[in-house]
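Worksheet for the structure shown next.
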Amino acid sequence: MTEAAPATHNRLQWRILIGFVAGLAAGLLTYTLAPGAPWVETVVTYVTGPIGQIFLRLLFMLVIPLLFSALVVGIADMGELKSLKAIGLKTLGYTVAVSAIAVAISLAVVNVIRPGDGVDPAVAADMLAAGGEGAAGIVAASANTEAGVGLLVNIVPNNIIAAMSANDILAVMFFALFFGIGLLLVQTPRTAVLKDAIEGVFDVAMRLIGLVIQLAPIAIFCFMFNLSAQFGWDLLVRLAAYVAVVLLALALQMFGVFPLLLKFGANKSPLAFFRQTREASVMAFSTASSNATLPTALRVAEHELKLPPRISRFVLTIGATANQNGTAMFEGVTVLFLAQFFGVDLSLAQQGFVMLVCILAGIGTAGVPGGSLPVVALILSGVGVPPEGIGLILGVDRFLDMCRTTLNVVGDLVAAQVISARSGDVAASA
Ligand code: ASP
């Protein structure tokens with residue numbers, strides 16, 4: 001695989017961090033000195049907004065070829081069905097177990113602190129009104145989101161081109177898995193050429209993403225500017241208890257559960273791990289998209305954590321959509337928060353239902369900014385809470401999205417580290 005030299009890479013990490021801090025500072029300064037000034041909206045609409053969008057679109061453009069080739073080659077490289085089965089089952093078992101821990105933590109925290117009881121009704125009315133249109137759109141979109149058996153059936157695409165054009169990542173992953181198994185089953189000189197060619201697609205996609213990532217510092221400056229120039233800290237303060245509970249739950253998983261998994265599951269120093277995965281964290285935080293961060297996560301796994309590509313490619317590409325601890329936690333906290341706010345008492349059985357749905361939702365939520373919102377709307381109607389209530393949290397969602405996506409991506413890397421170690425094939429466990 002062609003890669004930028006590590007020194008160039010380190011410089012990029014710094015430039016990304018500088019872009020991040022500078023964007024945040026510039027935005028907060030603008031918000032403080034010129035609150036609500038019309039030129040701010042012009043800058044966001046015509047300059048910083050489009051730059052950020054173009055950056056994300058460039059990444060999304062490369063996600064399908066990357067995801068397809070990484071999964072197919074990852075599976076084909078396993079050499080035989082037996083090892084695919086072993087790693088696949090480990091990944092599945094790990095995902096379900098760790099997501100269950102995550103959701104249990106989030107439900108426990110929200111039940112103990114009960115942030116929904118403390119929201120000022122006048123402030124809430126304002127926020128619901130402000131979120132009105134956006135909330136209605138999300139609720140309408142959630143009607144098209146499949147739940148239950150439909151979700152399961154839809155994982156199998158009936159037309160792979162349609163699935164790709166609809167950006168239906170779960171269905172594309174299914175096809176790639178199936179195709180990879182086909183390559184494992186038919187090992188002839190011709191399929192060897194095909195596998196080489198698909199590996200070529202992977203190399204090209206990674207190289208192109210390497211080019212796009214050079215734009216990251218500018219794009220991240222724009223993301224942070226847009227966010228802080230428009231909202232400042234205001235919204236965060238108004239929904240402080242809710243934001244704090246989400247952050248507390250995420251932090252417990254990130255700094256409590258993950259280090260334990262790393263230490264006892266992979267014999268890896270958590271500090272070294274967090275240092276080596278810094279670039280992926282910053283990328284996830286700034287883009288709020290697991291899919292957009294996938295290329296960075298793949299590179300970090302191979303070059304920094306030195307994990308075996310056949311495992312890291314498999315676990316990370318599947319994990320970017322299917323192992324979203326942060327998303328599952330966020331969905332749990334939000335549903336219970338809104339239930340508390342609307343005075344809907346959820347029985348233990350209903351909370352159990354929420355927990356189960358959140359674990360599944362962590363698997364089914366798209367790894368794109370705001371991917372959770374339709375799912376939250378869906379769960380809300382499932383337990384009898386008005387789904388429009390989502391308008392209450394829309395203002396702070398972008399910030400929380402950045403935080404939960406970071407947990408999603410770090411969680412995938414933890415999974416890759418643990419599963420590599422458990423498969424007895426980790427290169428170095430520094
Ligand atoms: N933005 C999240 C991700 O890409 C999904 C979500 O929770 O909205 O991982």
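Each residue takes its place number in the sequence, starting with 1. What you see below is based on every heavy atom in this structure, not just the backbone, and it leaves out hydrogens, waters and symmetry mates. Order of listing sets the numbers, starting from 1, for every ligand and every atom in it.
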Practice task
Decide yes or no on side chain to side chain contact (heavy atoms under 4.5 Å, CB included) for Tyr31 and Ser228, but give the supporting numbers first.
Solution key: CA-CA 7 Å; Tyr31 182 79; Ser228 47; over 6 Å; no
Fill in the blank from the handout: Quick note on ligand 1: atoms under 4.0 Å from a heavy atom of Thr327 include exactly 5 (C), 6 (C), 7 (O)
Practice task
Can you pull out the closest protein heavy atom to atom 4 (O) of ligand 1? Residue, atom name and distance to 0.1 Å, please.
Solution key: Ser290 N, 2.7 Å
Exercise for the section: Answer yes or no for Arg404 and Phe399: cation-pi contact, defined as NZ/CZ to six-membered ring centre under 6.0 Å and angle to ring axis within 45°. Expected result: no
Exercise for the section: Classify the side-chain pair Asn111/Gln351 by whether it contains a donor and acceptor separated by less than 3.5 Å. Expected result: yes
Problem - Asp401, any N or O under 3.5 Å of ligand 1 N or O - result: yes
Practice task
Report the relative orientation of the aromatic rings in Phe179 and Phe175; use parallel for angles under 30°, tilted for 30 to 60°, perpendicular for over 60°.
Solution key: tilted
Fill in the blank from the handout: For Gly370, the ligand 1 atoms with a heavy-atom partner under 4.0 Å come out as 8 (O)
Completion exercise
The atoms of ligand 1 lying under 4.0 Å from a heavy atom of Gly367, numbered in the order shown, are 3 (C), 4 (O)
Completion exercise
If we number the atoms of ligand 1 from 1 as shown, the ones under 4.0 Å from a heavy atom of Gly371 are 6 (C), 8 (O)
Handout entry: Side-chain heavy-atom pair Asp401, Phe330 within 4.5 angstrom cut-off
Key = no
Exercise for the section: Check each atom of ligand 1 against the heavy atoms of Ala288 and keep those under 4.0 Å away; list them by number with element. Expected result: 1 (N), 4 (O)
Fill in the blank from the handout: One finds that the ligand 1 atoms under 4.0 Å from a non-hydrogen atom of Thr405 are 1 (N), 2 (C), 3 (C), 4 (O), 9 (O)
Completion exercise
Any heavy atom of Ser372 under 4.0 Å from ligand 1? The part involved is both
Problem - Gap separating the CZ atom of Phe55 from the CD1 atom of Ile51, nearest 0.5 angstrom - result: 12.0 Å
Exercise for the section: Taking only heavy atoms of Ser289 into account, list the atoms of ligand 1 that are under 4.0 Å away from them. Expected result: 4 (O)
Handout entry: Charged tip of Arg114 within 45° of Phe337 ring normal and under 6.0 Å
Key = no
Practice task
Answer with side chain, backbone, both or neither: which part of Val368 has a heavy atom less than 4.0 angstrom from an atom of ligand 1?
Solution key: backbone
Handout entry: CA sep, side-chain torsions, deciding dist, call: Ser290, Thr321, side chain to side chain contact (heavy atoms under 4.5 Å, CB included)
Key = CA-CA 7 Å; Ser290 302; Thr321 302; over 6 Å; no
Problem - Per-atom contacts, ligand 1 versus Gln324 - under 4.0 Å to a heavy atom - result: 9 (O)
